[in-house]
*Asks:* 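Okay, here's the structure, questions in a sec.
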Amino acid sequence: MKTRILRAGLVIVLLLGTSVVCAAAGPHVSVQPVPIPSAPAPPETGSTSDIHITGLGNSSAALWIAILLSFLTLIPSLLLCLTPFARILVVFHFLRQALGLQTTPSNQTLIGLALVLTFFLIQPTGLSIYQNAVAPYQRGSISLQQAWPKAVGPLRSFMLPYVREKDVALFVELAKESRPRDSNDISMRVLVPAYIVSELHTGFLIGAVLFLPFLVIDMVVASVTTSIGMLQLPPVVISTPLKILLFVMVDGWNLVIGSLMRSFG
């Protein structure tokens, strides 16, 4: 303990002595600053307000990049809504519920099958967009302003036959636009939501039609089991294998997918 106190006192004495020496020598000793080489000044290219990214005006480049990245996250959803994907997926989910199967086929399987069928249907439209808009723009023969109408045209031609007039009238009224004279006068602002609603309506309609034969099987099995006194046996235990057997015997997947593909013909 005494050794530690002595060491601490010695350190304090040394510090005080050093400070006294420095204070005494202060007026006679000057510390020369070390020169730091200055960086070369950038060439004058104008005021700060003139520095901007071409095409962005005086707006912040970071803000435009954030807006662009946000828009890129919405592109998959927009593409799925502007294609037959919504109708196909709704029909597949109705079919699975009608069969009484909760997880078979799985969601991943249904979504993958819907994507493949969507690509099969939309491939001619995508090829037309590439040939008329994307390829000429990449070659530099047309500008972006000229490529946009050429890209929207085939997509409009694909969506217009499947849009109901009732849905178009609804969104024209909501948008407070003038009544379109013909189908070519419908703006994309009205056409896109009208197409999505029409596809959901058609998908639910096809799903309801698919539900009816399986609903009849459920009702028949429930009435039979109740009439013979099998109250403790759930009708689903008997009706589900019967529905699956009937679906396989009539080659249900071929019929459902064939009807879906012909509905876009």
Side-chain angles (χ1 to χ4, degrees), residues 76-128 154-155 157-167 192-265:
S77 300
L78 291 175
L79 291 178
L80 293 180
C81 292
L82 301 181
T83 59
F85 180 80
R87 182 194 300 191
I88 296 173
L89 190 61
V90 167
V91 171
F92 285 164
H93 277 282
F94 266 97
L95 177 62
R96 188 173 66 178
Q97 293 294 326
L99 288 171
L101 305 174
Q102 301 299 324
T103 58
T104 305
S106 62
N107 290 332
Q108 291 82 358
T109 303
L110 294 181
I111 292 173
L113 181 57
L115 285 174
V116 171
L117 297 178
T118 300
F119 176 78
F120 178 83
L121 291 170
I122 206 69
Q123 191 267 342
T125 303
L127 182 61
S128 177
L155 190 60
S157 301
F158 174 81
M159 291 191 297
L160 278 173
Y162 310 112
V163 177
R164 300 189 307 164
E165 294 183 4
K166 187 176 182 180
D167 297 327
V192 171
Y195 173 79
I196 297 172
V197 174
S198 300
E199 286 295 286
L200 290 177
H201 174 268
T202 306
F204 272 73
L205 185 62
I206 297 175
V209 173
L210 283 175
F211 238 108
L212 291 178
F214 300 107
L215 181 62
V216 171
I217 295 177
D218 287 332
M219 295 175 60
V220 170
V221 171
S223 61
V224 169
T225 54
T226 304
S227 62
I228 62 178
M230 300 174 62
L231 301 177
Q232 295 182 353
L233 181 65
V236 179
V237 177
I238 301 176
S239 62
T240 300
L242 292 178
K243 290 187 291 186
I244 295 174
L245 181 62
L246 175 64
F247 187 75
V248 172
M249 288 179 60
V250 299
D251 199 3
W253 285 111
N254 184 280
L255 293 176
V256 172
I257 293 177
S259 301
L260 275 174
M261 296 295 102
R262 294 185 185 94
S263 67
F264 289 98

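Given the structure is predicted, the values throughout are model-derived calculations rather than measurements.
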*Asks:* State the CZ-CG distance between Phe158 and Leu82, to the nearest 0.5 angstrom.
*Replies:* 10.0 Å
*Asks:* Compare every heavy atom of Asp167 with every heavy atom of Ser198, then report the nearest pair and how far apart it is.
*Replies:* OG-OD2, 2.6 Å
*Asks:* Please name the residue in the list Val209, Ile257, Val256, Leu205 that meets the side-chain contact (heavy atoms from CB on, under 4.5 Å) test with Val91.
*Replies:* Val256
*Asks:* Working to the nearest 0.5 Å, report the span between OH of Tyr162 and CZ of Arg87.
*Replies:* 7.0 Å
*Asks:* Kindly compute the distance separating OG1 (Thr83) from CD1 (Ile88), expressed to the nearest 0.5 Å.
*Replies:* 8.0 Å
*Asks:* What pairs of donor and acceptor atoms, side-chain ones from residues 108-118 against any protein atom, are under 3.5 angstrom apart with sequence neighbours left out?
*Replies:*
from	atom 1	to	atom 2	distance (Å)
Thr109	OG1	Ser106	OG	2.9
Thr118	OG1	Ala114	O	2.6

*Asks:* Decide yes or no for Pro84 and Phe120: does some side-chain heavy atom of the first lie under 4.5 Å from some side-chain heavy atom of the second?
*Replies:* no
*Asks:* May I ask you to check whether over 12 heavy atoms, not counting those of Glu165, lie within 6.0 Å of atom CD?
*Replies:* no
*Asks:* What's the separation between atom OG in Ser239 and atom CE in Met219, rounded to the nearest 0.5 Å?
*Replies:* 12.5 Å
*Asks:* Please set out all donor-acceptor pairs under 3.5 angstrom arising from side-chain atoms of residues 247-254, sequence neighbours excluded.
*Replies:*
none

*Asks:* Could you measure the distance from the CZ atom of Arg96 to the CG atom of Leu210? Nearest 0.5 Å is fine.
*Replies:* 14.0 Å
*Asks:* With heavy-atom distances below 4.5 Å as the criterion, would you say the side chains of Gln97 and Phe211 are in contact?
*Replies:* yes
*Asks:* Is there a side-chain contact between Leu242 and Leu246, using heavy atoms and a 4.5 Å cut-off?
*Replies:* no
*Asks:* Write out all pairs satisfying salt bridge (charged side-chain N to carboxylate O under 4.0 Å, His left out) with one or both partners inside residues 207-229, taking only residues at least two apart or from two chains.
*Replies:* Asp218-Lys243
*Asks:* Would you call Thr240 and Leu101 a side-chain contact if the rule is heavy atoms closer than 4.5 Å?
*Replies:* yes
*Asks:* Would you check if Phe94 and Ile206 make a side-chain contact, meaning some heavy-atom pair closer than 4.5 Å?
*Replies:* no
*Asks:* Give, for atom OH of Tyr195 and atom CG of Leu160, the distance between the pair rounded to the nearest 0.5 Å.
*Replies:* 10.5 Å
*Asks:* Does a side-chain heavy-atom distance below 4.5 Å link Phe92 with Leu260?
*Replies:* yes
*Asks:* Inspect the surroundings of CE in Met261 and state if more than 12 heavy atoms from other residues, nucleotides or ligands are less than 6.0 Å away.
*Replies:* yes
